[in-house]
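These notes are about the structure you will find just below.
Source: prediction; values computed, not measured.
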Amino acid sequence: STFVILSLPANSELSVEEVIKGRKALFSKNYSTAKRVQTFATKGEFDKAKTLMLEMSENYKTLLEYFPENSKEGFKTEALPAIWENKDEFNNLMTKSSNDMMQLTKIIETSDDIKGTLGKLMWANCKACHSKFRAPH
């Protein structure tokens, strides 16, 4: 089932369960979207790829609000305590991921190494975050 998650106000009334499930859904969506971006870009379907890149960029911004202090554990979260111990670093990585997706929309069509460009501006951010902030799975 598809559901849309809107940006949350800081004093959100969402339960811890909704927050954790919400962020997992957003990351999961970005992963499946990233695979579609790769497919479209590789086929030269840049308009479709760019639409998805912008969607991912927005999701990363939304994710900034999905790690309140009270959501460190429970509900099968794979988020490591490192997120809260290094909140600025984590937030900067989400912001960088968002900005890099915007950058991708500007350069993907003229890239002579599409896979390499996607690796650098999209997949590298996934890896950087997973290696430090996500439990092995």
Sorted by chain and number, sequence neighbours left out, salt bridge (charged side-chain N to carboxylate O under 4.0 Å, His left out) with Lys120 holds for none

- If we only count heavy atoms from C-beta on, is the Glu89 to Lys132 side-chain gap below 4.5 Å? yes

dist Leu118:CG -> Leu121:CG (nearest 0.5 Å) comes out at 8.0 Å

Going by chain and number, the hydrophobic cluster around Leu54 (ILVMFWY, side chain to side chain under 4.5 Å) further includes Met102

Interatomic distance, OG1@Thr105 vs CG@Leu52, rounded to 0.5 Å, equals 12.0 Å

Q) Do Phe46 and Phe40 have side chains that get closer than 4.5 Å, going by heavy atoms? A) no

One should read off an interatomic distance between Lys106 NZ and Ile108 CD1, to the nearest 0.5 angstrom, of 13.0 Å

Would the number of heavy atoms belonging to other residues, nucleotides or ligands and lying under 6.0 Å from CG of Asp47 be above 12?
no

Subject >> Asn125 vs Met101 side-chain heavy atoms within contact, under 4.5 Å >> reply: no

Does atom CD of Glu73 have more than 12 heavy-atom neighbours, drawn from other residues, nucleotides or ligands, at distances under 6.0 Å?
no

Note, Lys50 side chain near Glu109 side chain (heavy atom, < 4.5 Å)
yes

For Glu58, the side-chain hydrogen bond (donor to acceptor under 3.5 Å, both in side chains) test, sequence neighbours excluded, returns Lys61

